[in-house]
Amino acid sequence: MSGVTRSCTPFEGQKPGTSGLRKKTRVFMEPGYVETFVQSIFNAIGGAGGKTFVVGGDGRYFNAEAIQTILRIAAANGAARAIVGQNGLLSTPAASNLIRKREANGGLVLSASHNPGGIDEDFGLKYNTANGGPAPENVTAAIYEETTRIAEYRTLESEDLDLSELGEKSLGGMTVEIVDPVTDYAALMRELFDFDKIRALISSGFTLRFDAMHAVTGPYARAILEEELGAPEGSVMNAVPSVDFGKGHPDPNPIWAKPLVDLVMSDDGPDFAAASDGDGDRNMILGRGVYVTPSDSLAVLAANAHFAPGYAHGLAGVARSMPTSSACDRVAERMGIACYETPTGWKFFGNLLDAGRVTLCGEESAGTGSDHVREKDGLWAVLLWLNILAERRLPVRDILADHWVTYGRNYYSRHDYEAVNADAAQDMMADLTERLPQLAGTRAGNLVVSAADQFSYTDPVDGSVSRNQGIRIWLEGGGRGVLRLSGTGTEGATLRIYLERYMPADGELTIETQTALREIAEAIAEVSKLTEYTGRTAPDVMT
Ligand code: G16
C-alpha cells in the first residue's frame, strides 16, 4: 500500500462557520472535496506526522465514506494513530471526551448536527483541538487560508477498512484503533452523577422518555438510561441511528420533536422527557405539561448543580452565549460567581473552561455543558436534570415555577426565518448596523428603543477580539431583541431574531410565551425593516 501525492485546485467556500464546515452532502461528495479540506486541516496544524486523532461522526449519509477518506489522508500524512468509533459512530461529546482522555492531538468530527441527513441534505466536518473542543477562530482561519492555496494532498491507494470490529488494525503504518463509542462516555457520566439515586427515582415509578430522533444518541441512551439506570425498555424512542434520521430533522425543539412534546402535554405523559440532536450535543428538556426553554434550563442547572456529586463543590463561574437569555446571570449574581457573555459558538467557551473560570455553560440553541468535556452534551444535561429530580423529588413544572418565584422569569423565544434571500438578509443587517448610532430614543411599534449596538467580544483569557457577533436592541420597559445571521445553515440565509423580556419575581409569571413577547417582536420587526427586506411576515420556526 503506497502513499501518493495528488495535485488539486482549491474548492471555493471551504470556510468553517459557527461550527466547522457545513454544506450540502453533494458538495462534500464532489471528488477531492473531503481530501482537500482534510489536507488543509493537517497543513494548518503543522502536519499530522506522529500525531493521534480521534475520528467519528453522527452516522449520517456519507459518514462512512468520508471516514475512510480521512483515515487514508491521515495515514498518508504520517499520523501515528487514529481512534475511531465502531462503525464510524461517535457522538460529538463522546469524541471530545476521547480526545481528552486519550490525550490525542485533535479530532475530526463528522456531523451537520441538527440539520437533516441524506444525499440531498446536509453534511459537516469540523476539527477539534487537543483540549477536546472545536478549533478556535485562529485555527479555523488558518485552515481556511490553507484551503484557498492548496495544490496537492497525500493519500493512500488502499481498500476500505472494516470498522465494525473492535480492536487495532494497521493502515499504511498508522494504527487504527476501533473503540466502543459508549464505554468511555458512560464511565465519565458515572463519575459525575449519582447513578444509585437516579436508579432509585426510576424504580419508584418515575417515568421518562428520551427521543434519540434516529440519531447517534440512541445507543448511548439505551446503555445508560435503560440498561444501567433501569428505565423500562422503550423509554428511549427512535433509538436506532439511521443515515437520514428517519427522514426527519434531528433537531430537539418543539417543532421537530412534536410527537414527544404532545406526549408530555397529555394527562398520562411521562414525568420527564428529553430529546437530543443528530450528533448528541444538544438537548431539549420537558416535564409533564411543561417545556423548559434552553435558557431556563441553563439557569435551573446552574442553581441546582450542587445536587450532583460532580458539582457538589460548587461552580467556578458560568457562561452563556450573548443571544441566550440572562436567566443564568441572575443565578450567578446570587451565588456571587462570574457570568461571561460570549459570541454564539461553543468554541468561545473553550478558553474560559480551560482557564477554570467557568464550570457550566450554555446556549439558547439547546446546548448545555460543563468542564467535563469541551463540547455541549445532550445526555449529560439529561442526567444532570435526573440527578436534580432524584434529589428534589419535585415535578419539573414545580422546579421551574420555584425558580421563577426565586429569580423572576426571562420570557424568551427565538424566531427563525429560513432560506431567506442571502443578499436581502445581508442588506437588512447592513442597513440596521448603519442606523444603530441613531436608534436610541426612537419609537419601534408601541415601544421605544433605549440602546442598540453590535456585539463585540474580547476573550478575557487570550485577549482575542471577535467583532460583528450580532445586533442588540434594548427597549424601554426591559425588553431585548437580538438579530444575527446563522453560521450553520446551508441554504440562503437563516435570520435569527432572539426575543427576551424580564418579569420580576412578583410579576406575572405564567403568561403564554409568544403573548408575553408580542410587542417586542413587533418592535424589532419594525426597527429592522424585516418585511421590507425579506418579504417575510412570520417566522418559519419559533423555539
Ligand atoms: C452550533 C454551535 C453553537 C451554536 C449553534 C447555532 O451548534 O456549536 O454554539 O449556538 O451552532 O449557530 P447558528 O445560530 O450560527 O446557526 P451545533 O449543535 O449546530 O453544532
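The structure presented is a predicted model; accordingly, all values stated were derived computationally and were not measured. For ligands, and for the atoms within them, numbers begin at 1 and follow the listed sequence.
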| query | For atom 10 (O) of ligand 1, which candidate among P343, G367, S365 provides the closest heavy atom? | reply | S365
For ligand 1, does [X] get within less than 4.0 Å through its side chain, its backbone, both, or neither, judged by non-hydrogen atoms?
X: T494; result: neither
X: S486; result: both
X: T18; result: side chain
X: K347; result: neither
X: K126; result: neither

Salt-bridge contact [X]-[Y] (side-chain N to carboxylate O under 4.0 Å):
X: D122; Y: K24; value: yes
X: D184; Y: R102; value: no
X: K126; Y: E375; value: yes
X: E341; Y: R472; value: yes

| Y407-H403 aromatic ring centre distance below 6.0 Å |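 Under 6.0 Å, so yes.
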| At the 4.0 Å heavy-atom cut-off, does K376 count as touching ligand 1? | yes
| task | Examine ligand 1 and decide if any of its atoms is less than 4.0 Å from a heavy atom belonging to S321. | result |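 The answer is no, since S321 has no heavy atom less than 4.0 Å from ligand 1.
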Looking only at protein heavy atoms, which one is nearest to [atom], and what is the separation?
atom: atom 17 (P) of ligand 1; answer: S113 OG, 3.2 Å
atom: atom 6 (C) of ligand 1; answer: R282 NH2, 3.8 Å
atom: atom 19 (O) of ligand 1; answer: R22 NH1, 2.9 Å
atom: atom 3 (C) of ligand 1; answer: E363 OE1, 3.2 Å
atom: atom 11 (O) of ligand 1; answer: T488 CG2, 3.3 Å

| Looking at G487, which atoms of ligand 1 are within less than 4.0 Å of one of its heavy atoms? | 13 (P), 15 (O), 16 (O)
| query | Which atoms of ligand 1 are found less than 4.0 Å from any heavy atom of G345? | reply |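 Under 4.0 Å from G345, ligand 1 has these atoms: 9 (O).
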| request: Evaluate the ring planes of Y185 and Y220, with Trp represented by its six-membered ring, and classify them as parallel (under 30°), tilted (30 to 60°) or perpendicular (over 60°). | output: perpendicular
| task | Quick one: sort the Y33 and F11 rings into parallel, tilted or perpendicular, breaks at 30° and 60°. | result | perpendicular
| task | Mark yes or no: R330 above the aromatic ring of Y502, with NZ or CZ under 6.0 Å from the six-membered ring centre and no more than 45 degrees from the axis. | result |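 Yes; both conditions hold, so R330 lies above the ring face of Y502.
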| Those residues that, when tested against R409, pass salt bridge (charged side-chain N to carboxylate O under 4.0 Å, His left out) (two or more places apart) | none
Under 3.5 Å, which donor-acceptor pairs do the side chains of residues 342-351 form with other protein atoms, sequence neighbours left out?
residue : atom : partner : partner atom : Å
T342    : OG1  : R320    : O            : 3.4
K347    : NZ   : G17     : O            : 3.2
K347    : NZ   : T18     : O            : 3.4
N351    : ND2  : D459    : OD2          : 2.9
N351    : ND2  : D462    : OD2          : 3.0

| message | Does ligand 1 come near enough to R484 that some N or O of the ligand is less than 3.5 Å from an N or O of the residue? | response | yes
